[in-house]
Peer 1: 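This is the structure I have questions about; it appears just below.
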Amino acid sequence: MSKKSPELPETWPDGTILPSEGFCLSLPSGQILLGCGLRARGATPEPGAWNFYLPDFFLEDPQPWWTPEEVFFLASHEEQGVDGLTNRINASWNLGNQGSFFSQFEDLQQLFAQGELRKAVPVVVAQSEWVPSSQDVAQLILRAQSVERAHPALHTFGFWTPSEGMIGLTPELLFQLSGSQLQTMALAGTRRSGFPAGELLADKKERAEHQIVVEDLHQRLSELGTVNMGNTDELNLGTLTHLKTDLFVELKSSHVPNFEDCVRLLHPTPALGAYPRQAGLQWLRKNRTRQAPRFGAPFGVSDPEGNSWCLVAIRNLQWSKQGSLLPVGCGVVAQSQAEAEWRELELKKQFVLESLGL
């Protein structure tokens, strides 16, 4: 069983207590769960322990469960405006091949016209030779926390080992499972913030893209019980605004899923994958870059009582010993315009850089 510690040592803010392997995740309580060290890794979660779930996007990792040696519950630090790393690391982050994206966009338009797909999410990757140090990782986490305090709809998540890591701030919940209650969300449709309230809601293209996700989730969740939907609203995250619809399920006693049941049912939603799902999976396997394998994957935790909290790993930085990657995606439908989608990719890249102080 993971050892539960009440608070971190006083040395946390300067990063000196970070172990060589660790995990962090914002919880629904508003606390940050910090897992220190790695005691076990396996195909299933360890009973009675805190277990982190870190698969790849295609769920091909045979050992997606990571059990830390200790867990800490980190209250948000009071200091505001945590300094970023921009001035020190001197990294550039240009997006990948624009021509390749436009070619993929044209291929998608043909698939839409043929009725094979209704939506898909191409991904492009910005790269840098910079590899975060242990102190850099601590600074990235603190910076993410600072942004999360200003925008509680964002959630800090990440992990690091001697050979790789990922830190991000995602607005997207894949699911929360507690007892007979399951919650998820449809999050699709994006625009730079600053427009009059209601304008994104009235955008036919963005609303159609969002509705595909809503309908897909409602259909799949109906297998589990009674589905209740909230209103579709605009979610402002600072420089970006999205459309968001919450969905709640009262689970049938005979259909209470476990963590991985929920993952298999929901991932990847059309917000990060492609729709319809069967044809969409074929498109994803052919076109989704393996360069950043954890982008858009589930990232979650199961607690000792079996409650689950799982986010969608977007808006993040990933790294290995070879350098760092910043992947971003955009939802493409028949009404999309290639130039506008490329601008959206640039906006999302900039959102990550600003959020992490890069």
Side-chain angles (χ1 to χ4, degrees), residues 24 54-58 60-61 84-105 107-108 120-141 143-144 147 154 156-172 190 239-240 268 272-273 283-297 299 311-332 338-358:
C24 65
L54 284 70
D56 60 282
F57 180 84
F58 290 105
E60 294 170 340
D61 187 342
L85 297 168
T86 306
N87 295 331
R88 182 158 63 80
I89 66 172
N90 192 31
S92 60
W93 301 92
N94 294 322
L95 282 181
N97 190 323
Q98 187 174 9
S100 176
F101 170 79
F102 276 64
S103 176
Q104 191 173 125
F105 182 93
D107 290 342
L108 281 173
V121 180
V123 172
V124 297
V125 180
Q127 302 183 57
S128 169
E129 295 181 355
W130 170 64
V131 179
S133 67
S134 178
Q135 287 190 334
D136 292 340
V137 173
Q139 192 71 11
L140 290 169
I141 296 171
R143 173 73 178 206
V147 173
L154 291 168
T156 304
F157 68 97
F159 81 101
W160 60 96
T161 74
S163 60
E164 65 170 331
M166 173 172 66
I167 299 292
L169 270 167
T170 179
E172 188 164 357
T190 303
T239 57
L240 291 179
L272 261 297
W283 182 87
L284 288 167
R285 290 193 178 279
K286 179 180 178 181
N287 294 279
R288 176 62 59 88
T289 176
R290 301 291 181 125
Q291 202 174 9
R294 298 186 191 275
F295 177 76
F299 188 106
L311 305 174
V312 180
I314 57 174
R315 313 291 158 80
N316 61 68
L317 174 76
Q318 302 179 35
W319 67 88
S320 67
K321 292 181 179 180
Q322 284 70 50
S324 297
L325 304 173
L326 197 168
V328 286
C330 60
V332 175
E339 293 80 5
E341 297 301 330
W342 185 260
R343 289 194 297 271
E344 180 178 318
L345 292 169
E346 289 281 2
L347 282 173
K348 289 176 176 175
K349 181 197 76 173
Q350 195 59 34
F351 178 91
V352 176
L353 293 175
E354 292 175 359
S355 296
L356 296 180
L358 298 173

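Numbers here simply count residues along the sequence, with the first being 1.
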Peer 1: If we only count heavy atoms from C-beta on, is the Gln350 to Trp93 side-chain gap below 4.5 Å?
Peer 2: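 Gln350 vs Trp93: side chains apart.
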Peer 1: Pair Met166, Phe295 - check side chain to side chain contact (heavy atoms under 4.5 Å, CB included), show working.
Peer 2: CA-CA 9 Å; Met166 173 172 66; Phe295 177 76; over 6 Å; no
Peer 1: Which value, rounded to the nearest 0.5 Å, describes the distance between Arg288 atom CZ and Phe57 atom CZ?
Peer 2: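 CZ of Phe57 is found 4.0 Å from CZ of Arg288.
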Peer 1: Quick one: pull up CG in Asn94 and CD in Glu346 and give me the separation to the nearest 0.5 Å.
Peer 2: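 So the gap between those two atoms works out to 8.0 Å.
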Peer 1: With sequence neighbours excluded, what pairs up with Phe101 under the ring pair (Phe, Tyr, Trp, His ring centres under 6.0 Å) test?
Peer 2: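 Phe101 satisfies ring pair (Phe, Tyr, Trp, His ring centres under 6.0 Å) with Trp342 once adjacent residues are dropped.
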Peer 1: With a 3.5 Å distance limit and no angle check, can you tell me whether Asp136 reaches the backbone of Ser133 through a side-chain donor-acceptor pair?
Peer 2: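 Looks like yes, one N/O pair under 3.5 Å.
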Peer 1: For residues 321-332, which side-chain N or O atoms pair as donor and acceptor with protein atoms under 3.5 Å away, sequence neighbours left out?
Peer 2:
from   : atom 1 : to     : atom 2 : distance (Å)
Gln322 : OE1    : Ser320 : OG     : 3.2
Ser324 : OG     : Trp130 : O      : 2.5

Peer 1: Any side-chain heavy atom of Gln318 within less than 4.5 Å of one from Pro293?
Peer 2: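 Sidechains of Pro293 and Gln318: in contact.
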Peer 1: Please walk me through it: do Arg315 and Leu240 pass side chain to side chain contact (heavy atoms under 4.5 Å, CB included)?
Peer 2: CA-CA 12 Å; Arg315 313 291 158 80; Leu240 291 179; 3.9 Å; yes
Peer 1: A side-chain contact here means heavy atoms from C-beta on lying under 4.5 Å apart; do Val352 and Leu358 qualify?
Peer 2: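 Answer no - side chains too far apart.
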Peer 1: Should we count CD of Glu60 as having more than 12 external heavy atoms under 6.0 Å?
Peer 2: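 Counting neighbours around CD of Glu60, more than 12 heavy atoms of other residues, nucleotides or ligands fall under 6.0 Å, so yes.
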Peer 1: Heavy-atom distance under 4.5 Å between the side chains of Leu347 and Thr239, does that happen here?
Peer 2: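 Sidechains of Thr239 and Leu347: no contact.
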